[in-house]
Amino acid sequence: RPADGPFAAAALAAGRLAHLLLQILPEVPAERRAATAAALAQARGAGLPQTRRDAIVADTLALLGRPEMAVLFGPGSLAEVPLSGEITLPDGRRRPVHGRLDRLAVTPDEVLVADFKTAARPPASAEALPQTTLTQLAVYRLLLTEIYPGRRIRALAVYTAALRSLEPTPEALSAALDAMG
């Protein structure tokens, strides 16, 4: 983002490392995650200062350990899931859409999707999410509603700079879809 200014390169490098850890570590047994994360950070984060790598590893492990993230990063959840379909815009036009879900978890009652975002300065709250992020999450939610009818669909933006998740309200996502037309 232009607002990231001189921090953009460092945020991108940190974001790539955090994204990699969030993609791989859920498949690693819990007792080996810290060692695996440290090895990956050393191998793939060499352009970052050691203190930054250590912080990314610690923050990633903390995020994975949060109880509210257990489903998203737990057994049976998936990384890098392709998604495509067609949506109807508010004006009635149909539009094909394609995307890749960074993380997807499906339970009998709920579907949880996360998109990882790299920005040096992530939003302070879900209410401050950029319109483009809201629209992307809204489209994912709409397509997943068609695939998993009757299940609650939750969409999160996970900012890799702070390893923090933000969940917009269903109303905010519906408004984002309405603004597409």
Side-chain angles (χ1 to χ4, degrees), residues 1-4 8-9 11-27 40 44 60 63-64 68-69 71-123 125-181:
R1 296 181 326 166
D4 291 337
L12 186 59
R16 279 194 299 260
L17 177 58
H19 189 121
L20 177 71
L21 295 175
L22 290 170
Q23 180 181 345
I24 292 175
L25 291 179
E27 304 304 319
L40 284 168
R44 301 288 291 274
T60 301
L63 180 68
L64 292 177
E68 65 271 22
M69 293 290 159
V71 171
L72 186 61
F73 294 107
S77 64
L78 301 169
E80 302 296 323
V81 178
L83 181 68
S84 64
E86 193 172 77
I87 63 169
T88 302
L89 297 173
D91 65 6
R93 289 181 296 136
R94 305 266 310 152
R95 179 175 173 184
V97 291
H98 308 280
R100 183 167 301 276
L101 309 176
D102 288 321
R103 201 80 198 167
L104 176 69
V106 179
T107 72
D109 302 318
E110 180 177 74
V111 176
L112 189 56
V113 60
D115 192 69
F116 303 155
K117 298 294 184 189
T118 300
R121 297 180 185 104
S125 68
E127 292 77 23
L129 284 168
Q131 187 64 34
T132 54
T133 298
L134 287 171
T135 301
Q136 179 184 19
L137 293 176
V139 168
Y140 289 168
R141 184 182 76 150
L142 181 60
L143 290 174
L144 290 169
T145 299
E146 293 175 11
I147 296 169
Y148 299 101
R151 296 186 200 187
R152 178 178 173 217
I153 311 293
R154 294 176 53 211
L156 306 171
V158 176
Y159 280 85
T160 57
L163 285 157
R164 180 181 55 195
S165 66
L166 300 174
E167 183 175 359
T169 65
E171 294 79 16
L173 295 175
S174 293
L177 282 177
D178 290 343
M180 288 181 68

Per side chain to side chain contact (heavy atoms under 4.5 Å, CB included), L166 is matched among T133, L129, L156 by L129

Which of I147, V71, V106, T145 passes side chain to side chain contact (heavy atoms under 4.5 Å, CB included) with V111? It is V106

Can you measure from [atom1] ([X]) to [atom2] ([Y]) and round to the nearest 0.5 angstrom?
X: L173; Y: L134; atom1: CG; atom2: CG; answer: 6.5 Å
X: L104; Y: D115; atom1: CG; atom2: CG; answer: 12.0 Å
X: L112; Y: R151; atom1: CG; atom2: CZ; answer: 13.0 Å
X: L40; Y: L17; atom1: CG; atom2: CG; answer: 8.0 Å
X: E86; Y: R93; atom1: CD; atom2: CZ; answer: 12.0 Å

Run the side chain to side chain donor-acceptor pair (under 3.5 Å) test against R152 and tell me which residues pass, sequence neighbours left out.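 By the side chain to side chain donor-acceptor pair (under 3.5 Å) rule, R152 matches E110.
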
Looking at every heavy atom in both R141 and S174, which two are closest together, and how far apart are they?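 In this case the closest contact between R141 and S174 is NH2-OG, 3.0 Å.
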
Which atom pair, heavy atoms only, marks the closest approach of P168 to A155?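 Heavy atoms of P168 and A155 come nearest at CD-O, 3.3 Å.
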
Side-chain donor/acceptor of [X] to backbone N/O of [Y], under 3.5 Å:
X: R164; Y: Y159; result: no
X: S84; Y: V97; result: no
X: S77; Y: L72; result: yes

Check your understanding: Below 4.0 angstrom, N of the basic side chain to O of the carboxylate: do R103 and E27 qualify?
Key ->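 Counted as a salt bridge, because a side-chain N and a carboxylate O are separated by less than 4.0 Å.
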
Just so I know, are the side chains of [X] and [Y] near enough to count as touching, which here means a heavy-atom distance under 4.5 Å?
X: L22; Y: L63; result: yes
X: P26; Y: L64; result: yes
X: E80; Y: D102; result: yes

Residues at least two apart in sequence or cross-chain that pass ring pair (Phe, Tyr, Trp, His ring centres under 6.0 Å) with F116, listed by chain then number, are H19

- [ ] Take L177 and M180 through the test side-chain contact (heavy atoms from CB on, under 4.5 Å) and record every step on the way to the result.
- [x] CA-CA 5 Å; L177 282 177; M180 288 181 68; 3.8 Å; yes

Exercise for review: May I ask you to check whether R16 and T160 show a side-chain donor-acceptor distance below 3.5 Å?
Suggested key: no

- Take atom CZ of R95 as the centre, draw a 6.0 Å sphere, and report whether it contains more than 12 heavy atoms from other residues, nucleotides or ligands. no

